[in-house]
Amino acid sequence: MNDHFKIYEHSRQRNVLDVRNLSVAFTGRKTKKTVLSDVSFSIRPGETVALVGESGSGKSVTALSLLRLIERSGGVISGATYFTDNDGQTVDILAQDEKELRAIRGNKISMIFQEPMTSLNPVLSVGFQITEAILAHRDVSAEEAKREAIDLLHKVEIPDPERRFGDYPQQFSGGMRQRVMIAMALACKPSLLIADEPTTALDVTTQARILDIIQRLKEEMNMAVLFITHDLGIVSEIADRVMVMYCGSIIEKADTRNLFNAPSHPYTSGLILSMPAVGSARGKGVPLPAIPGTVPAVWQGARGCTFSPRCSYAIERCRHETPLLQRRNPHSFVEVACHRAAEIRSMLGSLLPWVEAGELGITA
Ligand code: SF4
């Protein structure tokens with residue numbers, strides 16, 4: 001099945017998540033700072049969608065807004081977030097009251113974070129915490145919940161799960177704690193898992209194990225995954241589709257192969273070419289090309305295209321007219337927010353030889 005047909009087939013399935021024009025602002029007495037602007041995307045069952053970008057681009061704000069956790073920090077959300085659960089029931093998360101939200105959070109939509117110790121309670125055993133998650137949302141006996149918790153520990157490859165059930169988080173290594181978090185997140189068989197940089201603090205071997213576990217369980221449960229990361233190497237290994245974020249907006253969306261083969265936005269190509277695995281393939285002693293400058297604070301984005309101060313392709317129009325995210329052409333599923341996307345695409349040519357030589361795991 002070719003890529004185009006695969007995407008077409010996917011597009012006919014119902015979405016687990018349909019996010020439309022999601023925006024977040026923080027307001028003071030006289031100020032309003034918009035940190036997320038008109039973010040729209042969807043995720044289908046069994047699909048892994050990666051949200052990538054540098055620190056401060058708005059990735060975690062997006063994740064927290066999906067479950068309305070950003071409201072606890074004073075964020076005001078607008079737009080719509082339609083969620084369809086495994087029974088086919090669709091709700092707009094932004095229209096739910098607190099009781100209805102509690103029935104969704106940790107149950108139908110789960111989250112895992114970068115540092116499990118901030119989510120696990122150090123004075124309760126891991127077994128108790130997983131069991132508690134099951135009992136909070138499902139009508140099962142304590143014995144049944146314990147059996148399921150041990151089974152989950154087994155599924156996330158904790159050795160000797162019956163014995164480790166009674167151990168405390170601090171008795172586990174960082175990688176093991178992340179596995180426990182995954183077990184907790186999957187306790188109620190969610191339709192959607194939001195993974196916010198879950199492997200950033202781990203060494204590469206442990207990271208690979210955790211990614212394998214997430215992939216395997218995603219396939220077993222036909223679960224959708226929104227994977228948030230700044231690491232394009234991880235994206236190339238696990239994602240079906242990718243969204244690139246900059247300054248609180250999505251600036252490019254594509255299926256993974258297309259994104260790495262033929263990025264359309266100068267920021268995306270800059271990110272790919274600055275990866276050591278790709279850069280080293282350009283030749284010994286050739287310095288890695290870096291994107292000049294830094295990401296401005298989201299609310300300080302430049303007038304016009306927010307990337308224009310760093311973009312070597314910027315023209316006068318870019319400095320006063322904001323580019324809209326739109327399809328590269330009517331036959332393409334790639335969307336890009338750049339006034340010069342078509343020209344730049346043909347100037348850049350294909351990056352695939354560099355990508356392949358860098359052994360990123362993208363197949364032609
Ligand atoms: Fe660069 Fe202009 Fe495209 Fe923005 S719109 S990425 S400044 S070429």
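Numbering of ligands and ligand atoms starts at 1, following listing order.
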Looking at atom 1 (Fe) of ligand 1, is one of the N, O or S atoms of C311 less than 2.8 Å from it?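 It does: C311 brings an N, O or S atom closer than 2.8 Å to atom 1 (Fe) of ligand 1.
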
How far is [atom] from its nearest protein heavy atom, and which residue and atom is that?
{"atom": "atom 5 (S) of ligand 1", "result": "H339 N, 3.3 Å"}
{"atom": "atom 2 (Fe) of ligand 1", "result": "C318 SG, 2.3 Å"}
{"atom": "atom 4 (Fe) of ligand 1", "result": "C305 SG, 2.3 Å"}
{"atom": "atom 3 (Fe) of ligand 1", "result": "C338 SG, 2.3 Å"}

Applying a 4.0 Å heavy-atom criterion (strictly less than), which segment of R317 is in contact with ligand 1: side chain, backbone, both, or neither? neither

With heavy atoms only and a cut-off of under 4.0 Å, state how S308 meets ligand 1: side chain, backbone, both or neither. both

Aromatic ring proximity F307/H265, centre distance under 6.0 Å: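 Ring centroids of F307 and H265 are less than 6.0 Å from each other.
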
Tell me which one of E148, R147, E144 satisfies side-chain contact (heavy atoms from CB on, under 4.5 Å) with I134. E148

Knowing that exactly one of L192, T84, N222 qualifies, which makes a side-chain contact (heavy atoms from CB on, under 4.5 Å) with P45?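 Between P45 and the candidates, side-chain contact (heavy atoms from CB on, under 4.5 Å) is satisfied uniquely by N222.
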
So, do E197 and K59 sit near enough that their side-chain heavy atoms are less than 4.5 Å apart? yes

Proximal atoms of ligand 1 relative to [X] (non-hydrogen, under 4.0 Å):
{"X": "A314", "value": "7 (S)"}
{"X": "H265", "value": "6 (S)"}
{"X": "P266", "value": "6 (S)"}

Could you tell me whether the side chain of [X] and the main chain of [Y] form a donor-acceptor pair under 3.5 Å?
{"X": "T256", "Y": "A239", "answer": "yes"}
{"X": "R310", "Y": "G293", "answer": "yes"}
{"X": "K146", "Y": "T131", "answer": "no"}

